[in-house]
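Notes for the one structure printed next.
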2 protein chains.
Amino acid sequence: MTRAARTRSTRDIARAAVRAELAQVAFDLFRREGFENVTIDDLAQAAGVSRSTFLRYFGTKEDAVLSAFDAHGDQVADALRARPSEEDDWTALRRALDTVMAQYRQDSAGLLSMMRLVRDTRALCARQLEQQHGWRPLLAEALAERGGLSVPATLAVSVKAAAALDCLNIALDHWTASDGEHDLEDLLDEAFAALNPR
Amino acid sequence: MTRAARTRSTRDIARAAVRAELAQVAFDLFRREGFENVTIDDLAQAAGVSRSTFLRYFGTKEDAVLSAFDAHGDQVADALRARPSEEDDWTALRRALDTVMAQYRQDSAGLLSMMRLVRDTRALCARQLEQQHGWRPLLAEALAERGGLSVPATLAVSVKAAAALDCLNIALDHWTASDGEHDLEDLLDEAFAALNPR
DNA sequence: GCTAGTCTGACACTCAGTTTCATCTTTGAC
DNA sequence: GTCAAAGATGAAACTGAGTGTCAGACTAGC
């Protein structure tokens, strides 16, 4: 559990609830009308808050959608630290991704519609790339710590972290393209197998 | 040589020249004043054209900077197709990147200031991610063709293409962070070595 | 109840990016 | 050379994102 999660006041909980509600309203509206056909004013009105308030919770329209994945970077990094130290990096990365895979499996229909929305919207695609780009240093650092030596993330761990995230992404892409027909875990395994660093 | 390059009218050449000039003016201004402190009006005025014209050449401020890399995706994909078919994918990818590495080496000072500008500007970082994301399918397709079979890019070739692009990126990141002290080729080799798919 | 910190809505503002239209230049055909 | 078509430019209006400010309402702790 992170520091932010430990020190959680009543206000923080209320804020998180409002945030989740706004995100849900936004997602539904985007799905129904299309991302670029919905203005922030529309979102605010649909959610029953002012434009100002909406923009206080989410800096951009994109963030309202992608906030669903906000915690994933830290979650995977934590899972990575929890892997046995004798495990090789690539296997540890694959297993650490089980954390998010479990969440995906829990609501695969929701994930599918989310991924469709993201893939069909250039701005969301771009923002998602940026979001995942931010996870790379988290994974790289966790990987470096696991190695015991050299806490400042080296080039090698960054590359492995980036590649693992690509695998996740590409597996999700193929899964979405198949309308969820293929098994996501299998696709991820296949992606990891394509790149088998020693 | 691509089709677009073959059928090149006088107008196209003039357009390309204007485009290059605008990009240069924009780059200089961004470097001097900072990306977000320069408006499109400023750029247009500095270049002696109207706002409309500037926006016709570059859809966004970001594109004015990153147009410098526009051709790289196709170039690497072409280089990939030119590699001997007996070469393994990973080696072919590494060698195909020599195409862009040669261009970087030719003006490493320019590249360094460009990379610094990009890294220091969130919007440019994001747009660059998007740009490179667009290269992935190009490389994946070239890789698939090389393999002879299954022209529709499979998951495996996508993963390798993505990983190779990450290597390029991360090598550039470290090179930039070292102010160009390290040797870029060495960093790229190191990145490729960290991920050695069979 | 009072006070301090926080949340909210209203409003004004800047700027990015789109679209439309009128004008001017270039090109190619004759 | 002339002329018509196509392309390039500039001007202007417009939508909407995102920022900043401010005043009022709410809440918690004392």
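All values below come from the heavy atoms of this structure, side chains included, with hydrogens, waters and symmetry mates left out. Quick note on labels: first sequence line is chain A, next is B, and so on, each numbered from 1.
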Validation row: B/His72, B/Gln103 side chains within 4.5 angstrom (heavy atoms): yes
Integer-rounded Å distance: D/dA12 P and B/Ile40 CD1: 18 Å
Between P of C/dG9 and CZ of A/Phe54, the distance in whole Å: 13 Å
B/Glu36 CD - C/dA16 P separation (whole Å): 11 Å
Atom-to-atom span, CZ of B/Arg122 to P of D/dT19 - whole angstrom: 10 Å
B/Leu55 side chain, from C-beta outward: closest of D/dT19, C/dG17, D/dT9: C/dG17
Sugar-phosphate, base or nothing in reach of A/Val18, heavy atoms under 4.0 Å: nothing
Side chain of B/Ser52 - closest among D/dA11, D/dA8, C/dA16: D/dA11
Contact summary for B/Ala46 and B/Val25, nearest pair of heavy atoms: CB-CG1, 3.8 Å
Non-hydrogen side-chain atoms of A/Val76 and A/Trp135 separated by less than 4.5 Å: no
Length of the CG-P vector between A/Asp41 and C/dG9, whole Å: 13 Å
Nearest-nucleotide pick for B/Tyr57, side chain only, options being D/dA8, D/dG10, D/dG18: D/dA8
Side chain of B/Lys61 (C-beta onward), nearest among D/dT9, C/dT8, C/dA16: C/dA16
Pair B/Gln131-B/Asp63, side-chain donor/acceptor within less than 3.5 Å: no
Nearest to side-chain heavy atoms of A/Arg56, which nucleotide of D/dG10, C/dA10, D/dG18: C/dA10
B/Asn37 CG to C/dA16 C1', straight-line distance once rounded to whole Å: 15 Å
Distance-only polar pair, side chains of B/Gln24 and B/Asp28, donor-acceptor under 3.5 Å: yes
Closest to side chain of B/Thr53, choosing from C/dA16, D/dG18, D/dT9: D/dT9
Whole-Å gap separating C1' (D/dA8) and CZ (B/Arg51): 18 Å
Euclidean distance, atom CZ of residue B/Phe58 to atom P of C/dT18 [Å, nearest integer]: 15 Å
Contact under 4.0 Å: A/Ser50 side-chain N or O vs C/dA10 OP1/OP2: no
